Amino acid sequence: MSHMKHIKLSAFALLVLAGCSTTLQAQNSATKEFIKAPLAVVKKAPVSENELKRWSHLDLIRDSIPGMSVDRAYAELLQGKTGKKVIVGIVDSGVDIEHEDLKGMIWTNSKEIPGNGIDDDKNGFIDDVHGWNFLGDAVHENLELTRVVKKGDDGSPEYKEALAQYTKKYEEALRDKQQSDFLLEVHKTIQKELNKTTYKIEDLNTITSTDPKVAQSKEIMTQILTNAGPTFDPDSELKEYSKQVYGQLNYNLNKEFDGRKAVGDNPEDIKNTRYGNNIVFGPDKEEALHGTHVAGIIAQVRGNNLGGDGVSTNVEILTVRAVPDGDEYDKDIALGIRYAVDNGAKIINGSFGKSFSPHKKWVYDAIKYAEKKDVLIVHAAGNDGYNIDETKNINYPNDSEDNVKEFANNVITIGALNKEYGETVVAGFSNFGKINVDVFAPGEEIYATVPNNKYKYLQGTSMAAPNAAGVAALIRSYYPKLKAAQVKQILMDSGVALPSMVVLGENHNPEAKPVAVSSAESSRTAKMVNAYNALLMAEKISKK
């Protein structure tokens, strides 16, 4: 439940970083230099609300925030240049293509006549004007481990592992349900006392009631709001938490539930491809929250005073709805990747993942197909706070059959950062691994589009991947001759160094101080994606 984790980590006023280069001098525009991590980052002031809404676009040196220097790239490197349009495939829960801040950025299939009920371009998908919905009317789904357990004990180690994880997750979900019910009760008590739907910490301070229930509720909510920070809305967040917990018990972990029935295909047969429909936000637009947020991070219109800003101005979003509330099917992901590739996507964002993948070969083949067609796949590392180099923590889909050697060079895996540069800059929920995570990007408290013309802060490696994909789209727009593998390499090589020591994973013991380790343990690069550096490097490489 990554977006319930709004825990702020206290920032040191001065962070001394070993082994990094000195601060940049004033720049001469003729010899633009790489942005490097300075010896000391002094936090200039608390982050203002406007900065928070677009912190991932800010610059480590100028703003003392570990953003991707997107604003600086536009101001200093892209002025007066024109790039070419790049199609970005969003394989996700669906996208609200009617959102006011995405409207002009949606891909349209020019070979298809809308609404005539005919497959004009003969690609097997009728009226696929803005993409395809491989889930049809399905919304909820089991976790893959639930599906493995449902099939029964076949004596395989996979079954034993799935059963162990299922049992553990089910017990956790029951505990979470108790906690969620309790917190909602506390919240209702406060609402009644304040006569308000939602409230801030200042409101709690006005409560003077001596009623023990009210006093206890005040104490609990004060603690939550203090930890969660100013963007936390108790009403929507606690309802969302409850929805997730009940969703786990009713759907994700419910062995009696069959989410696939609504789709009507055979998920075990990759050749059975005639299923789904062309309604890319799905049967309930609100359920396309995740995909709409991801699309916004990449493509929401820059500088129009609505919501946040997208990373790339020159993109078209092609929607592939393939990720339900629960775990995606390998078949949908494999066919979704191929669909995006066949319709001209040069970048595919995959902000999803799971711990079991019965038909991983189908997905591997689709990744290789994308590689052959020069398509970059940007994938989220996952939100368990695990080292995914350990076999027990593998996060699918991946680009390695043995979790060590890559079989393709077009997949880049992204971990998440928060906005405070220092030992705690890697978000606690972010997976890590010096073999299987490539680089980090902003992923905590990211403000972007959600369905029905709304905006919201969400967090997770799900938000870090599209931040990186947005930078990839900038490179592919202004340097279209560069190959997918080169773009991947540029995103990795041009990054700004993490501090030499970082804390990785969740701190499950609040009593103990989190232990920092060498940042070399975090990922293959120990770096943070930087748009400014990436464009400088792309320029250099394309001149060669």
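Heads up: numbering here begins at 1 and tracks the sequence. Because the structure is predicted, anything quoted here is derived from the model rather than measured. Note that these values count all heavy atoms, side chains included, but never hydrogens, waters or copies made by symmetry.
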**Request:** Work out which heavy atom in Gly291 is nearest to a heavy atom in Val95; give both atom names and the distance.
**Result:** O-CG2, 3.6 Å
**Prompt:** Charged N to carboxylate O below 4.0 Å: is that the case for Lys354 and Glu144?
**Reply:** yes
**Message:** Let me confirm one number: the OH-CG distance from Tyr532 to Asp71, rounded to the nearest 0.5 Å.
**Reply:** 13.0 Å
**Message:** Has Lys331 got a side-chain atom pairing as donor or acceptor with Asp269's backbone, closer than 3.5 angstrom?
**Reply:** yes
**Message:** Would Lys527 and Phe440 count as a cation-pi pair here, with the cationic atom under 6.0 angstrom from the ring centre and within 45° of the axis?
**Reply:** no
**Asked** Is there side-chain contact between Asn410 and Lys488, with heavy atoms separated by less than 4.5 Å?
**Response** no
**Fill in**
Looking only at heavy atoms, the pair that brings Ala531 and Leu474 closest together is CB-CD1, 4.4 Å
**Asked** What do the steps show when you test Asn252 against Asp325 for side chain to side chain contact (heavy atoms under 4.5 Å, CB included), and what is the final call?
**Response** CA-CA 8 Å; Asn252 306 161; Asp325 161 41; 4.0 Å; yes
**Fill in**
So NE2 of His290 and CE of Met463: to nearest 0.5 Å the spacing works out to 4.5 Å
**Asked** Is there a salt bridge (Lys or Arg N to Asp or Glu O under 4.0 Å) between Glu49 and Arg54 once you walk through the steps?
**Response** CA-CA 9 Å; Glu49 193 182 342; Arg54 44 195 324 287; over 6 Å; no
**Item:** Interatomic spacing from CD1 in Ile337 to CH2 in Trp362 - rounded to 0.5 Å
**Value:** 13.5 Å
**Prompt:** If you measure from CD1 on Ile412 to CG on Asp399, what distance do you get to the nearest 0.5 Å?
**Reply:** 10.0 Å
**Prompt:** Between Tyr339 and Trp132, does the ring centre distance come in under 6.0 Å?
**Reply:** no
**Asked** Distance under 6.0 Å and angle within 45° of the ring axis: does Arg147 meet both against Tyr329?
**Response** yes
**Asked** Counting N and O atoms only, with roles assigned by atom type, does the side chain of Asp127 sit under 3.5 Å from a partner on the main chain of Gly117, one being a donor and the other an acceptor?
**Response** yes
**Message:** Any donor-acceptor pair under 3.5 Å linking the side-chain atoms of Asn123 with those of Asp128?
**Reply:** yes
**Request:** Enter the distance from Glu328:CD to Arg321:CZ here, rounded to the nearest 0.5 Å.
**Result:** 13.0 Å
**Side chain proximity check, Tyr447 to Lys456, heavy atoms < 4.5 angstrom** = no
**Asked** Are more than 12 heavy atoms from other residues, nucleotides or ligands located less than 6.0 Å from atom NZ of Lys373?
**Response** no
**Message:** Donor-acceptor check, side chain of Asp389 to backbone of Asn436, threshold 3.5 angstrom: yes or no?
**Reply:** yes
**Request:** Examine the side chains of Asn272 and Asn266 and answer whether a donor and an acceptor come within less than 3.5 Å of each other.
**Result:** no
**Item:** Backbone N/O of Ala484 and side chain of Asp374: donor-acceptor pair under 3.5 Å
**Value:** yes
**Asked** Going by atom types only, do Asn533 and Ser494 share a side-chain donor-acceptor pair under 3.5 Å?
**Response** no
**Asked** Can Thr461 and Asn383 be counted as having a side-chain donor-acceptor contact under 3.5 angstrom?
**Response** yes
**Item:** Verdict with supporting geometry, Asn278 and Phe125, side chain to side chain contact (heavy atoms under 4.5 Å, CB included)
**Value:** CA-CA 8 Å; Asn278 68 343; Phe125 303 98; over 6 Å; no
**Asked** Passes side chain to side chain contact (heavy atoms under 4.5 Å, CB included), Tyr457 versus Ile446? Steps please.
**Response** CA-CA 5 Å; Tyr457 287 98; Ile446 304 295; over 6 Å; no
**Asked** Are Thr292 and Asp96 linked by a side-chain donor-acceptor pair shorter than 3.5 Å?
**Response** no
**Request:** Using the side-chain hydrogen bond (donor to acceptor under 3.5 Å, both in side chains) rule, take Tyr369 and Asp342 through it: C-alpha gap first, then chi angles, then the decisive distance, then the call.
**Result:** CA-CA 10 Å; Tyr369 180 69; Asp342 289 341; 2.4 Å; yes
**Message:** Between Glu141 and Tyr251, does the side-chain hydrogen bond (donor to acceptor under 3.5 Å, both in side chains) criterion hold? Intermediate values first, please.
**Reply:** CA-CA 6 Å; Glu141 193 40 86; Tyr251 308 115; over 6 Å; no
**Asked** Within a radius of less than 6.0 Å around NZ of Lys372, do more than 12 heavy atoms belonging to other residues, nucleotides or ligands occur?
**Response** no
**Request:** Return each pair, listed once, that meets ring-ring contact (aromatic ring centres under 6.0 Å, His included) where at least one residue sits in residues 370-402; pairs must be two or more places apart or across chains.
**Result:** Phe352-His379
**Complete:** Between Ile90 and the options Val280, Val323, Ile317, the side chain to side chain contact (heavy atoms under 4.5 Å, CB included) test singles out Ile317
**Asked** Are any side-chain N or O atoms of Glu521 and backbone N or O atoms of Ser518, one a donor and one an acceptor, separated by less than 3.5 Å?
**Response** no
**Request:** Check the side chains of Thr231 and Glu445 for a donor-acceptor pair under 3.5 angstrom, ignoring hydrogens and angles.
**Result:** yes
**Item:** Closest approach of Ser523 to Val439 (non-hydrogen atoms, all atoms of both residues)
**Value:** CB-N, 4.3 Å
**Request:** Report yes or no: does Asn398 contribute a side-chain atom to a donor-acceptor pair with the main-chain N or O of Glu401 at less than 3.5 Å?
**Result:** no
**Glu539 and Lys481 ion-paired at < 4.0 Å** = no
**Item:** CA sep, side-chain torsions, deciding dist, call: His359, Glu268, side-chain hydrogen bond (donor to acceptor under 3.5 Å, both in side chains)
**Value:** CA-CA 8 Å; His359 295 294; Glu268 304 295 323; 2.7 Å; yes
**Side-chain donor or acceptor of Ser64 paired with backbone N/O of Leu60 under 3.5 Å** = no
**Message:** How close do Ala534 and Ile490 get, counting heavy atoms only, and between which atoms?
**Reply:** O-CG2, 3.4 Å
**Asked** Looking only at heavy atoms, which two atoms of Val139 and Pro324 are closest? And how far apart?
**Response** O-CB, 3.4 Å
**Item:** Distance, nearest 0.5 Å, that separates CG of Leu289 from CD of Glu240
**Value:** 6.5 Å
**Prompt:** Hey, is Arg260 close enough to Asp332 for a salt bridge, meaning N to O under 4.0 Å?
**Reply:** yes
**Asked** Could Glu112 and Lys122 be called an ion pair, given the rule that one side-chain N must be under 4.0 Å from one carboxylate O?
**Response** no
**Asked** Has the side chain of Ser477 got a donor or acceptor atom that lies under 3.5 Å from a matching backbone atom of Lys84?
**Response** yes
**Prompt:** Can you tell me if Asp59 uses its side chain to pair, donor with acceptor, with the backbone of Ile61 under 3.5 Å?
**Reply:** yes
**Message:** Regarding Asp330 and Tyr364, do their side chains bring together a donor and an acceptor under 3.5 Å, going by distance alone?
**Reply:** no
**Request:** Please lay out, stage by stage, how Val411 and Ile367 fare under the test side chain to side chain contact (heavy atoms under 4.5 Å, CB included).
**Result:** CA-CA 8 Å; Val411 179; Ile367 290 170; 3.5 Å; yes
**Request:** Give a yes/no verdict on a cation-pi contact between Lys285 and Phe281, requiring under 6.0 Å between NZ or CZ and the six-membered ring centre and an angle within 45° of the axis.
**Result:** yes
**Request:** Determine whether the side chains of His99 and Gln300 contain a donor N or O and an acceptor N or O closer than 3.5 Å.
**Result:** no
**Message:** Looking at Asn431 and Asn393, would you say the former's side chain and the latter's main chain have a donor-acceptor pair under 3.5 Å?
**Reply:** no
**Message:** Out of the candidates Glu51, Arg72, Arg302, only one should pair with His57 under the side-chain hydrogen bond (donor to acceptor under 3.5 Å, both in side chains) rule; please name it.
**Reply:** Arg302
**Prompt:** Nearest heavy-atom pair of Val70 and Ser56: which atoms, and what distance?
**Reply:** CG2-O, 4.2 Å
